[in-house]
Amino acid sequence: MKKIIVLSLALALSVSAYADLDDWIAASIPTFSATNVADGIYDIGELDGDITYEFIVNSNPDEEMASMALMGRRNFGDTAQGIKYEQWNNTGTYGATLFGVVDLDFGVPTAPGEDTHLAFVAAGGETALYVNGEYQASVAEQILLSGKVGIGYVADAEDGSVSFDDFDGDIIGVAVYNSALCDCEIKAHSDAYFV
């Protein structure tokens, strides 16, 4: 009898560990999505206008990188931009970059070692940051990435052979939408993962 109870508890725990990610994926229909994402080059689709980039991440609390990117590219494609988990140089805050133009700092502290839901909404000439479903800050530039991008780093070559600003941690999920998600949608997505 004890073996059956222990096995049932183990199965229940293993199911709940994945149920949150499944609920998050089912919350809406993105243009691009991936889970348990390995660093690499991904085609997120040809996007224009307003865009929302959504991530579920857990960074290494012992990381020593000067800057860490969640997504970006430089030296190919029509934009040279990046979305940063940590802005240059060891700020401990979220950021974005228009390479060769400006580094943007949201001024919002990162949460190394914790599962974190992030949404970056690029609309109306700015990019807004949401952490765990709550609006935090905006920067006065619209990050417009589409097509082939590096995820887990900034790709400096279209084939991924050259990259920089590696993200040190796990990208549990990423989704990209060809629209500006509203506050209530972002909150629902965050809640779907954390419930």
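All values below come from the heavy atoms of this structure, side chains included, with hydrogens, waters and symmetry mates left out.
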Exercise. Side chains of H117 and I186: does their closest heavy-atom pair fall under 4.5 Å?
Worked result: yes
Exercise. Is the distance between the ring centroids of Y130 and Y135 under 6.0 Å?
Worked result: yes
Problem set entry | Flag, side chain of E86 to backbone of T91, donor-acceptor distance under 3.5 Å | yes
For this session: Run the ring-centre check on Y153 versus F164 and record whether the distance is less than 6.0 Å.
Result: no
Exercise. With distance as the sole test, does T79 use its side chain to make a donor-acceptor pair with the main-chain N or O of L144 at under 3.5 Å?
Worked result: yes
Exercise. Does R73 pair with D78 as a salt bridge, N-O distance under 4.0 Å?
Worked result: yes
Problem set entry | Centroid-centroid distance, H189 to Y177, less than 6.0 Å | yes
Problem set entry | C182 backbone acceptor or donor facing E185 side chain under 3.5 Å | yes
Problem set entry | Rounded distance (nearest 0.5 Å) linking atom OH of Y85 with atom CG of D166 | 15.5 Å
Exercise. Below 4.5 Å, heavy atoms only, C-beta onward: do T97 and V102 meet side chain to side chain?
Worked result: no
Seminar exercise, completed: Separation between CG (D165) and CE (M65), nearest 0.5 Å, reads 6.5 Å
Problem set entry | Inter-residue atom distance K84.NZ - T110.OG1, 0.5 Å rounding | 13.0 Å
Exercise. Between D191 and K187, does at least one N-O distance fall below 4.0 Å, as a salt bridge requires?
Worked result: yes
Exercise. Do any pairs count as a side chain to side chain donor-acceptor pair (under 3.5 Å) and have a residue in residues 38-51, sequence neighbours left out, and if so which ones?
Worked result: none
